[in-house]
Every structure is written in C-alpha cells, then in structure tokens.
Amino acid sequence: MPYKLLFVCLGNICRSPAAENIMNYLIEEAGFRERIVCDSAGTSSYHIGSPPDSRMSSAALQKLQIKLRGKARQFQKSDFENFDLILAMDQENYENILYLDPTGKYRHKVRLICDFCSRHNLKEVPDPYYGGTQGFNLVIDLLVDACEGLLKHLSSQDSTL
Ligand code: 4NP
C-alpha cells in the first residue's frame, strides 16, 4: 500500500494543488512513484470543481516548468481515514481540519507544511489569492522547500515507505 499524503488549503485552487503537483514532481524524480501518492483539498466549498488558479499555474510553469493538474474538492471527514498525513498550508486551515475531529482521534495525522521547511522561516504558506505575482512566486519557493523536507522526512523513516 502506498503512503498517502493530502495537502489542504482554503480554496484548493492555489496553494494545495501547487503542493500536490510539486510533491509529485519530486516523488517522480526520486523514483518513489509506487510508494507515495498525493491528493489535495480545500476546507471551503468556494471553488469545488475548478481547475488550479491560472496565476498559480503560471508561477509553477515559469519557476519549475511544471503544469498544475487537478480539480478542486472540499476536505471531508473520510479523508482522516483515507490519508496517512494531512498537510495544512496555514494555521486557519489546520484549525478548520481539526474542528472536524472533535475527539482528536486523527490529530497525529495533521501537520503544518512549513514544519518541513529548512531554508525558510515562515510558519505558514501565505494566502496569495488577493495579492500579486510575488505572492504566487513565494508560494512556489516555500512549497519546494517544504516538499523537499517532507520527502527527506518520509524516506528517513524506513517504516513509512
Ligand atoms: P487557496 O487560495 O486557499 O490557496 O486555494 C484561495 C483561493 C480562493 C479564495 C481564497 C484563497 N477565495 O476567497 O475564494
């Protein structure tokens, strides 16, 4: 059984699809395609069914030459059972996810993605939606750092992969 990662933001059109696609790119490069699978979701229902935001896609294409695939969906309670690790982009996403787990049964599966950064000091991936190109570029830089750290973390725990 592959190890299952779920990336979560608010709308599932900017940060979490970028994280999912960046992680898939790193997984492919590392030859872990059979061992780790990725998905993403939003805590809100605002953009269900939408493709990644074109500004996020442009930033990913320009900075990493990768295309963003995906269709927005909302985070649901069954995701707690279906995924091994759930990565929130910011504190608000983190709290909204844990709100759906009142007994704390799945708390150990939920982390802030910036916990895995090593080059950046930011604790959250800032919401780029109402800002300009710089914000989208920062999202890409932070997520490359975080996803590299996450992959290192997973491959160092040999029971995981
Ligand atoms: P995301 O960005 O959470 O990174 O997908 C946002 C997308 C949409 C909205 C906010 C943030 N919105 O308010 O519609």
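Atoms within a ligand are numbered from 1 in the order they appear, just like the ligands themselves.
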If you measure from each non-hydrogen atom of His47 to ligand 1, which part falls under 4.0 Å: side chain, backbone, both or neither?
side chain
Per-residue contact class, Asn12 against ligand 1 - non-hydrogen pairs under 4.0 Å
backbone
For atom CZ of Arg119, is the number of surrounding heavy atoms from other residues, nucleotides or ligands below 6.0 Å larger than 12?
yes
Using a 6.0 Å cut-off, check whether atom CD of Gln134 has over 12 heavy atoms from anything other than its own residue.
no
Approximate separation, where rounding is to 0.5 Å, of Leu85 CG and Leu87 CG
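Between Leu85 CG and Leu87 CG, I get 4.0 Å after rounding to 0.5 Å.
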Show the atoms of ligand 1 that are less than 4.0 angstrom away from any heavy atom in [X].
{"X": "Asp127", "answer": "2 (O), 6 (C), 10 (C), 11 (C)"}
{"X": "Gly11", "answer": "1 (P), 3 (O), 5 (O)"}
{"X": "Cys14", "answer": "1 (P), 2 (O), 4 (O), 5 (O)"}
{"X": "Tyr46", "answer": "12 (N), 14 (O)"}

Any side-chain heavy atom of Leu142 sitting closer than 4.5 Å to one from Cys117?
yes
Look at [atom] and say which protein heavy atom is nearest, naming residue and atom and giving the distance to 0.1 Å.
{"atom": "atom 13 (O) of ligand 1", "result": "Tyr130 OH, 3.5 Å"}
{"atom": "atom 7 (C) of ligand 1", "result": "Tyr129 CD1, 3.4 Å"}
{"atom": "atom 1 (P) of ligand 1", "result": "Cys9 SG, 3.5 Å"}

Common cluster, Leu100/Tyr106, ILVMFWY with side-chain heavy-atom separation under 4.5 Å
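Shared cluster, yes.
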Under a 4.0 Å threshold between the charged nitrogen and the carboxylate oxygen, would Asp115 count as salt-bridged to Lys123?
no
Cation-aromatic face contact Arg55/Tyr129, 6.0 Å, 45 degrees
yes
